[in-house]
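Working notes, structure below.
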Amino acid sequence: MPADVGELFPRAAAANAGGAAIFMRLGPSARDGHPGIVLLDDLNAEAVTRLTLDGFQPALTVETSPGNCQVWIKLIAAGELPYPVVRGAVKHLSELFGADPRATSPMQPGRLPGFTNRKPKHRQADGHFPFVRLVDASGCIAAAGTNLVDEIKANLSAQRGRAPRAARETPPVAAVSGHPSAIEDFDALDRIRQAQEARIWAEARRGSRPREAASASEIDFAAVVVALGEGVSRPMLEAWLRMRRPEKAAGYAALTVQNADRYLEDQTSTPQPSGRP
């Protein structure tokens, strides 16, 4: 375990004792792709068994409360996957096995074993909360993972081919910002950008990213990649960039979204290496 991670445990334990939830996320980043490890939430023991029988053996199984589990499924042996492919895979698996349909983000965090689940509904008669328990940590690759990934890629390629050009045209800012949920959507995009800014600057401080590659434009690009993977529309992203970055040239928003879209499309068509890491 990296020393900087181990140093967080005392603080996490104190926060958990004070009522905070403690989560983990298995490694996704924005620019470099997703490692292909997806979370399914709120499964019972029967659903976990069905996953294994159908070739989606969990790499990690965590009991978050009595009778409820989160499982992490490793879809590929090595390499990275584009965010749209990961999102399609987790939505498919969620529907197939009855997982929580609200927890299908490629960036979805899961509960960290060893801490308590502080949801009020889980408070026990003695006032305590159940511990999040590690059930299994095989680390295995799902036997059916590669086939699912190939199927999702093919479906995405077919959808891109059918998409009419008009659907990609960008309406004026007013046409988007007049929508009742536009402010909430922009606030969500701001939070995505803040998370990517923190990640990119952390990489720059560690020396794993040149400081000149931590510009505001680079952060915008990373945020747009994540947002596209989350299913945010291109018009919404362009409108958000135009509103949040008014100092930029007129074509900046459209070009940033176009480049992020092309990046994801290139990733979708790139074969993934095989073999255990």
Side-chain angles (χ1 to χ4, degrees), residues 1-6 8-9 12-13 16 21-29 32-83 85-117 119 122 129-153 229 271-277:
M1 178 190 300
D4 55 343
V5 174
L8 294 175
F9 278 103
N16 188 229
I22 309 299
F23 293 98
M24 64 177 179
R25 192 164 59 199
L26 299 186
S29 62
D32 301 323
H34 193 286
I37 306 174
V38 299
L39 173 72
L40 297 184
D41 188 22
D42 200 16
L43 296 174
N44 57 29
E46 180 184 357
V48 175
T49 300
R50 284 177 51 221
L51 278 167
T52 300
L53 294 175
D54 288 354
F56 296 104
Q57 303 89 335
L60 184 70
T61 303
V62 175
E63 184 185 69
T64 57
S65 62
N68 291 301
C69 290
Q70 291 178 339
V71 302
W72 296 87
I73 300 172
K74 200 169 185 180
L75 298 174
I76 56 174
E80 296 169 341
L81 293 173
Y83 279 84
V85 171
V86 177
R87 184 175 182 82
V90 72
K91 287 184 71 175
H92 174 81
L93 291 171
S94 179
E95 293 170 2
L96 192 60
F97 295 99
D100 186 348
R102 299 166 299 178
T104 58
S105 167
M107 307 284 285
Q108 186 70 34
R111 292 189 181 273
L112 184 61
F115 297 92
T116 54
N117 184 338
K119 279 189 176 181
H122 296 312
F129 293 86
F131 275 91
V132 177
R133 187 172 65 89
L134 178 63
V135 176
D136 182 69
S138 70
C140 68
I141 318 292
T146 301
N147 288 341
L148 176 60
V149 166
D150 290 343
E151 180 182 337
I152 299 296
K153 285 183 177 181
Q272 298 299 318
S274 60
R276 185 176 290 273

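All values below come from the heavy atoms of this structure, side chains included, with hydrogens, waters and symmetry mates left out. Counting begins at 1 with the first residue of the sequence. Predicted model, so just to flag it, every value in this text is computed and none were measured.
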Side chains of [X] and [Y]: closer than 4.5 Å at any heavy-atom pair?
X	Y	result
Pro113	Met24	yes
Phe115	Phe23	no
Val132	Leu112	no

Can you name the closest pair of heavy atoms from [X] and [Y] and give their distance?
X	Y	result
Leu134	Ala137	CD1-CB, 4.2 Å
Pro106	Gly229	CG-O, 4.2 Å
Ile141	Ala77	CD1-CA, 3.6 Å
Ile73	Ala142	CG2-CB, 3.7 Å
Leu81	Gly36	CD1-CA, 3.9 Å

Nearest-0.5 Å distance that lies between atom [atom1] in [X] and atom [atom2] in [Y]:
X	Y	atom1	atom2	answer
Phe97	Leu43	CZ	CG	9.0 Å
Cys69	Leu40	SG	CG	11.5 Å
Leu39	Met107	CG	CE	13.0 Å
Thr64	His122	OG1	NE2	6.0 Å
Ser105	Arg25	OG	CZ	8.0 Å
Asp41	Gln70	CG	CD	4.5 Å

With sequence neighbours left out, what residues match Arg111 under salt bridge (Lys or Arg N to Asp or Glu O under 4.0 Å)? none
Side chain to side chain donor-acceptor pair (under 3.5 Å) involving Thr146 - partner list, sequence neighbours excluded: none
Thr104 side chain to Val90 main-chain N or O, any donor-acceptor pair under 3.5 Å? no
For Thr116, is there any backbone N or O sitting under 3.5 Å from a side-chain donor or acceptor partner on Asn16? yes
Residues 49-58 side chain polar contacts: donor-acceptor under 3.5 Å, at least two apart:
unit_1: Thr49; atom_1: OG1; unit_2: Ala45; atom_2: O; d: 3.1
unit_1: Arg50; atom_1: NH2; unit_2: Leu96; atom_2: O; d: 3.0
unit_1: Thr52; atom_1: OG1; unit_2: Val48; atom_2: O; d: 3.4
unit_1: Gln57; atom_1: OE1; unit_2: Ala143; atom_2: N; d: 3.0

